[in-house]
Amino acid sequence: MSTTPTSNFIRTIIDADLASGKHSIIVTRFPPEPNGYLHVGHAKSICLNFGLAEDYRGKCNLRFDDTNPEKESNEYAQSIQDDVRWLGFQWDGEVRWASDYFEQLYGFAVELIEKGLAYVEDLSAEEMREYRGTLTQPGKNSPYRDRSVAENLDLFARMRAGEFADGARVLRAKIDMASPNINLRDPAIYRIRRAHHIRTGDAWCIYPMYDYTHCISDALEGITHSICTLEFEDHRPLYDWVLDNITIACHPRQYEFSRLELHYTITSKRKLLQLVNEQKVSGWDDPRMPTIQGMRRRGYTAAGLREFARRIGVSRSENSVDMAIMEGAIREDLEARAPRVMAVINPLKVTLTNFEGATSREADFHPNHPEFGKRIVPISASLYIEADDFAEAPPPGWKRLTLGGEVRLRHSYVMRCDEVIKDSSGNVIELLCSIDHATLGKNPEGRKVKGVIHYLSCEHAIPAEIRLYDRLFTVAEPDADREIDFCNYLNPESLKVVQGWVEASVKDAAPETHYQFERLGYFCTDRRDHQPVSRPVFNRTVTLKDSWTKEQS
RNA sequence: UGGGGAGUCGCCAAGUGGUAAGGCAACGGGUUUUGAUCCCGUCAUUCGUAGGUUCGAUCCCUACCUCCUCAGCCA
């Protein structure tokens with residue numbers, strides 16, 4: 001799989017920084033807010049930041065941007081760490097928390113006040129909005145903008161001391177209310193919020209804002225390249241303003257790349273939360289969710305996801321990635337690592353009328369990896385085949401079973417269908433077939449049998465719950481139109497649960513074991529519900545490529 | 001209509017003054033006891049449009065077009 005990394009604009013910058021001696025080692029960071037589960041877009045960012053550190057032998061920190069206690073929880077923080085590790089990365093040293101820097105952040109705010117670069121605002125949120133102006137009109141100065149340093153210092157200390165009600169005052173950076181960049185129109189940097197924080201408890205009732213916190217946290221950690229998504233581009237002047245106006249030795253540079261849009265999925269935390277809350281899915285780890293937890297449960301592999309990230313690259317242009325790129329990366333990884341077994345999803349009974357004297361055969365678990373081992377593939381007089389593999393009136397090009405036709409039973413004999421048995425309403429319920437005893441392990445004489453179908457011996461097969469997943473949405477870009485609720489595009493067929501049969505060799509499989517069910521697709525034992533022996537549950541990760549179905553349509 | 005960005009093959013994406021990488025998809029062909037895998041081959045005289053500079057432009061300049069993004073005491 002992964003070859004040499006493709007060039008991208010960030011690597012070009014790093015190469016130049018290393019060549020010029022600006023940096024001798026690079027330090028990146030992945031800075032999630034613990035307010036939700038990570039999704040495929042975060043996976044891209046994780047692969048970028050940790051991948052850069054790996055490639056350049058630098059470091060990458062995991063830092064939680066925990067500055068909004070009302071939305072954050074330990075459950076989220078824990079799952080994020082699990083996800084990063086599962087993806088195959090390890091952060092440098094301990095996990096960092098922006099909240100670890102609260103005291104220093106406070107100190108820098110005092111410094112800004114002392115320099116006349118920050119002031120306490122008494123205007124309400126609504127008034128501030130009015131004073132801010134619009135995209136085309138400059139804002140106007142707050143009447144509180146020119147308070148004395150002493151008064152600001154006193155007020156800010158009292159904000160911290162809890163003398164004012166939530167929302168009564170904020171601390172603002174004093175920059176430029178007429179700036180064409182709205183982020184520079186005296187942004188709030190501290191607000192009063194009496195909320196219990198997951199790390200600092202009730203120690204603080206004022207919390208620093210993202211723009212103020214993030215740049216200082218980066219500087220404190222000696223980050224060299226602070227990589228974020230495009231929507232923060234307009235914030236970069238503020239990032240630089242803060243670091244230029246406090247006494248701090250390090251000034252990381254921020255670079256923005258475009259976020260991932262993946263066809264047939266959504267990557268908005270808010271919308272993902274909505275799916276969970278409205279029970280459109282079973283939870284954050286529903287295998288249809290584009291969350292890392294969901295994709296993992298579905299059977300996507302960490303190596304497959306990393307390969308996906310490598311294939312989509314990193315740029316600054318908008319993109320909308322085909323699901324085929326994801327599926328291709330996942331298939332490629334599973335192709336190499338998943339043992340092959342047989343399963344029947346939609347069984348049709350076959351009775352072998354000349355079974356006497358037939359024998360079972362041993363077969364490799366992987367055609368190209370003998371080290372995966374072998375098992376006996378049992379055969380008996382009663383079989384299940386896939387109902388779709390038989391056709392009374394076959395379309396042109398059909399290679400599978402038909403009345404009077406022959407087909408190879410995978411790893412076993414060539415079989416001919418002699419008779420079709422139907423119920424009173426005309427449905428095919430059973431096939432009477434005969435095998436050619438001379439075809440075990442060799443081709444029949446004088447004729448070619450092109451079709452190969454999989455089967456299971458009824459007496460040896462074990463029943464299993466099989467969950468057939470399909471895309472969650474019916475259209476490629478479900479949230480493209482702001483006017484239409486993305487829930488209108490939920491795919492009613494995104495999950496079909498069926499009772500099928502699997503070969504006995506998988507009965508002891510642990511949860512999260514990957515298999516290829518031959519001719520059907522890649523499947524994975526469910527992380528939550530599967531129990532070895534007692535309750536087999538398989539999730540369909542992705543189907544196999546299928547040139548036959550494509551030819552039909 | 002203010003600011004900041006982006007436009008290279010169906011989808012991603014390199015290249016950034018010397019004559020358009022690669023991947024995915026697609027399409028042909030070969031191997032095959034998975035219509036899978038694997039292998040071979042095909043797939044942008046052209047880089048949003050129009051001018052200009054240059055021996056030479058996707059790359060530099062000018063104008064225009066299209067799309068994205070910013071008015072939280074969210075991140």
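Each chain gets a letter, A, B and so on, in the order the sequences are listed, and its residues count up from 1. What you are looking at is a predicted structure, and each value in this text was computed from that prediction instead of being measured.
Nucleic acid contact for A/S320: sugar-phosphate only, since backbone atoms but no base atoms lie under 4.0 Å from a heavy atom of the residue. Among the atoms of the strands shown, base atoms are found under 4.0 Å from some heavy atom of A/R340. Across all strands, A/I312 comes closer than 4.0 Å only to sugar-phosphate atoms, never to a base (heavy-atom distances). As judged by a 4.0 angstrom heavy-atom cut-off over every strand, A/P31 is placed among residues making no nucleic acid contact.
The side chain of A/L544 sits closest to B/rA36 out of B/rG35, B/rC74, B/rA36.
Residues satisfying the salt bridge (charged side-chain N to carboxylate O under 4.0 Å, His left out) criterion with A/E33, sequence neighbours excluded, are absent altogether. Taking A/E518 as the reference, A/R410 meet the salt bridge (charged side-chain N to carboxylate O under 4.0 Å, His left out) condition, with sequence neighbours excluded. Residues forming a side-chain contact (heavy atoms from CB on, under 4.5 Å) with A/A363 (at least two apart in sequence, or on another chain): A/R375, A/V377, A/H411. In this view, A/R158 and A/D154, A/E163 satisfy the side-chain hydrogen bond (donor to acceptor under 3.5 Å, both in side chains) rule, not counting sequence neighbours. A/K71 is linked by a salt bridge (charged side-chain N to carboxylate O under 4.0 Å, His left out) to nothing, counting only residues two or more places apart in sequence or in another chain. A/R160 pairs by the salt bridge (charged side-chain N to carboxylate O under 4.0 Å, His left out) definition with A/E103, not counting sequence neighbours.
Going from the C1' atom of B/rA6 to that of B/rG17 covers 23 Å, rounded to whole Å. Taking atom C1' in both B/rU58 and B/rC9, one finds a spacing of 14 Å when rounded to whole Å.
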Show each protein N/O and nucleotides 65-68 of chain B N/O combination with a separation under 3.5 Å, one pair to a line.
unit_1: B/rC67; atom_1: O2'; unit_2: A/E318; atom_2: OE1; d: 3.2
unit_1: B/rC68; atom_1: O4'; unit_2: A/E318; atom_2: OE2; d: 3.0

Hey, what are the protein-to-nucleotides 17-27 of chain B N/O distances that come in under 3.5 Å?
unit_1: B/rA26; atom_1: OP1; unit_2: A/K550; atom_2: NZ; d: 2.6

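Every pair passing salt bridge (Lys or Arg N to Asp or Glu O under 4.0 Å) that includes a residue from residues 436-446 of chain A is listed here, sequence neighbours excluded: A/D436-A/R447. Listed by first and then second residue, the ring pair (Phe, Tyr, Trp, His ring centres under 6.0 Å) pairs involving residues 160-193 of chain A are A/F156-A/Y190, A/Y190-A/Y212 (not counting sequence neighbours). Among residues at least two apart or in separate chains, salt bridge (Lys or Arg N to Asp or Glu O under 4.0 Å) pairs with a member in residues 262-271 of chain A are A/K271-A/D479.
Both A/F9 and A/H214 lie near RNA chain B, and the one whose nearest nucleotide falls closer to the 5' end is A/F9. Summary of the strand contacts: A/D546 and A/D234 both lie near RNA chain B, and taking for each the nucleotide with the nearest heavy atom, the more 5' one is attributed to A/D234.
Between A/S142 and the options A/R132, A/E121, A/R147, a side-chain hydrogen bond (donor to acceptor under 3.5 Å, both in side chains) holds for only A/E121.
With hydrogens and angles left out, the side chain of A/R519 and the base of B/rU34 share no donor-acceptor pair within 3.5 Å.
Stacking here means ring centres nearer than 5.5 Å and ring planes tilted less than 30 degrees, and by that measure A/Y210 does not stack onto B/rA75.
Stretches of at least 3 consecutive Watson-Crick or G-U wobble pairs, with each checked distance under 3.5 Å, appear in RNA chain B as B:2-7 with B:65-70, B:10-12 with B:22-24, B:26-30 with B:38-42, B:48-52 with B:60-64.
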Review point. Can you check side chain to side chain contact (heavy atoms under 4.5 Å, CB included) on A/L305 and A/M326, steps first, answer last?
Key: CA-CA 8 Å; A/L305 251 11; A/M326 173 66 89; 3.7 Å; yes
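In this structure B/rG72 sits in the syn conformation; its chi angle is within 90° of 0.
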